[in-house]
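Below is one structure, written out as structure tokens; the observations come after it.
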Number of protein chains: 2
Amino acid sequence: MEGRIVSNSPVIGKSSRKVTIRDVARVAGVSTATVSATLTGSAPVSAPLMERVRAAVAEVGYRPDAIARSLRRGETRMLGLLLADITNPFTTAVVHAVEAAAHASGYTLMLCNSDEDPAKERTYLDLLRTHRADGVMLMPVGFGRDYGQQIRRTLDVPAVLVDRTIPGLPLDAVTVDGRTGTREAVGHLATLGHRRIAILSGPAGVSASDERVTGYRAALDEAGIAFDPSLVRDGAFRQDPARAATLELLRAAEPPTALFACNNLMAIGMMRAVAEMGLDCPRDLSVACFDDFDWAEAFQPRLTTVAQPTDAIGGQAVALLLGRLGEAAAPGLRHIVLPPRLIVRDSCAPPPRARRCA
Amino acid sequence: MEGRIVSNSPVIGKSSRKVTIRDVARVAGVSTATVSATLTGSAPVSAPLMERVRAAVAEVGYRPDAIARSLRRGETRMLGLLLADITNPFTTAVVHAVEAAAHASGYTLMLCNSDEDPAKERTYLDLLRTHRADGVMLMPVGFGRDYGQQIRRTLDVPAVLVDRTIPGLPLDAVTVDGRTGTREAVGHLATLGHRRIAILSGPAGVSASDERVTGYRAALDEAGIAFDPSLVRDGAFRQDPARAATLELLRAAEPPTALFACNNLMAIGMMRAVAEMGLDCPRDLSVACFDDFDWAEAFQPRLTTVAQPTDAIGGQAVALLLGRLGEAAAPGLRHIVLPPRLIVRDSCAPPPRARRCA
DNA sequence: TCTTTGTTCCGTAACGATTAGCTAATCGTT
DNA sequence: AACGATTAGCTAATCGTTACGGAACAAAGA
């Protein structure tokens, strides 16, 4: 006979046979109903039987099967977490809070990353439906009227939008006040004396970007600075486009003296461009951005940022979603808007009048 | 009658009634077996019937229920992803690759974050068992002999260790060659003329840390530099301990002229300390670290780093795990060791002899 | 005409847990 | 002692899907 089996089974693999509730019942000498009752507490069980059941559970090494339970109960205790970009530190900070809150409430997360691709997002929305997630937290990537409608059609469970809202999509949402945050940061620049302040925006139509641009214009108005459309550049919330846009801005005939990036990725692209141009910050140019980094304290220039309350965002998102899961679902839509916080560091200074004098 | 129902149902909620395969079968005038066969292709179905089934599926808006399918088939097409720290950019880069690979193979991820807590890790291991994940990818947080045994007991499906190995835990693994990476980086510092090179290590006993310290000593040997234990400080792979350790090192009687941090978090802590001491890098002090950052090009000092191939790590981890899932599980253990890459930037320079002369 | 060989398709028994519905048994109360 | 009320535990149906064994029927060979 060929094909001997060498008995070195070092690799942990699938176990021999599934231990079911029936095995426990048999060993304990009770019915499966009683085992279930002791384990879930759904019905009263006498102390001695409980003891026998627990002993039997330990003896046979029984773990209840969540799949079977989900099928029967009609709930999975799983939440979909559909992200636009898991690589983004802002996202991961939120995810961290979401995970903690969900875990504390006995929910597990299904990780979905759309990679900024609306098609992949829809695929995942479908997947979450088939896998019967009890609810979904969504950082949407698309925009436009049709987009909202399509999500609406695919969605079939309670959902919460995180970071962005979608017009015409009636869902609970948790966002931060991008208008105020940007207004304060740009106001800070204006106060320092800057008159030509450029902004790197995200895609037009995305709420998080639009709000921030609105805040920018508000700050300009307050400072009595005329709005110059050529100082608003779309950096698509991504690093490379932001870098390119910054280079264009800085090479223009009349370059800005200050730059504001609407998110962290664009801030990196912006700073690369600044470094490439050989400019010293904040001497030659002042910069600031939305989103904070934990390394902002450690590298030069120490960036002035608008920090988002990522813990609160994640926690509130889970709270909102779990609120919808119970029977007593409040009727109206809920939109929680959290305040950002301006952190002033070293990257902003008065504009270089010296250059003009020289 | 009190309690009118106001017909403003703006919130998307649970749908009315579940559409099952039976509904499709009824509408198409076939058996549920035939519907299943057409949808999964598990058995031959004639063209006309297929057509009718497909039409019926579209008509009633049927989505197969993955929970029921999992129960019946005994596989969930879910993979557990048990992370030590989702906030770490290295981790998220790997997760990004893992997600892409898993998604491409039709698997969904269950996101678990142990937050560097062995107890939470075990809780999640249990949970993954309960939820019947088909396999697990694990970035372990503990160490020591007992630790491996405990994981072994809890684990019940194929698993792959990522980034770290555990002695006595016979599992497939994907890691990078930390020894070579560190040896090259520290060698680079030695070549520049540094003799007192300090290293911030992770916890002793963690493979990723031990390897890197080994590489450090190898580089010292090659350069003919005597090993000085006081130049090895445990930064626990975390930011604050690394900052504290760096301050101690720099305030010592005979401070090092170069610093190497064994991971990204410690690099940040290290740089904070350097900034706090008012030292200019690389003039006063040279620094380098394991792990690369995408903002390393954008801020000062532009850090010299040892970049890990995160895409490959994630991709290989999934490949290894999926390989174990099929019937034809290869007998032996597999351990894939990937090469890191030294990226030389501006943070290393010859040591400041000037200081000694002055 | 009567097998034989193939094809489709259907009925139905799992998968493993929960729970509605039921049967006894126990306990006070009158 | 009889009665309802309460309780503990059991049986069996159920969740939605897949896969096994066989039925029905057509084509082909004897």
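Only heavy atoms go into these numbers, but all of them, side chains included; no hydrogens, no water, no symmetry mates. First the proteins, then the strands, lettered A, B, ... as listed; each starts at 1.
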Testing A:Asp126, A:Thr154, A:Asp156 for side-chain hydrogen bond (donor to acceptor under 3.5 Å, both in side chains) with B:Arg63, which one passes?
A:Asp126
Which of B:Arg122, B:Glu121, B:Arg152 passes side-chain hydrogen bond (donor to acceptor under 3.5 Å, both in side chains) with B:Tyr147? It is B:Glu121
Do A:Thr91 and A:Met139 come within less than 4.5 Å of each other through their side chains, counting heavy atoms only?
yes
In Watson-Crick or G-U wobble terms, both distances under 3.5 Å, what is the partner of C:dT18?
D:dA13
So, B:Asn113 versus A:His103: side-chain donor-acceptor pair below 3.5 Å or not?
no
Assess the side chains of B:His335 and B:Thr175: does a donor N or O sit below 3.5 Å from an acceptor N or O?
yes
If you look at every heavy atom in A:His131 and A:Thr76, which pair is closest and at what distance?
O-CG2, 3.9 Å
Carboxylate-amine/guanidinium proximity below 4.0 Å for A:Asp65 and A:Lys18:
yes
Going by an N to O cut-off under 4.0 Å, is there a salt bridge joining A:Arg324 and A:Asp134?
no
Between the protein and nucleotides 16-20 of chain D, which nitrogen or oxygen pairs come in under 3.5 angstrom?
residue, atom, partner, partner atom, Å
D:dG16, N2, B:Ala68, O, 3.4
D:dT17, OP1, B:Tyr62, OH, 2.5
D:dT17, OP1, B:Asp65, N, 3.1
D:dT17, OP2, B:Ile21, N, 2.4
D:dT18, OP1, B:Arg69, NE, 2.8
D:dT18, OP1, B:Arg69, NH2, 3.0
D:dT18, OP2, B:Ser36, OG, 2.8
D:dT18, O2, B:Arg72, NH1, 2.2
D:dA19, O4', B:Arg72, NH2, 3.4

Boundaries of the DNA chain C segment in contact with chain A, non-hydrogen, under 4.0 Å
C:dG16 to C:dT19
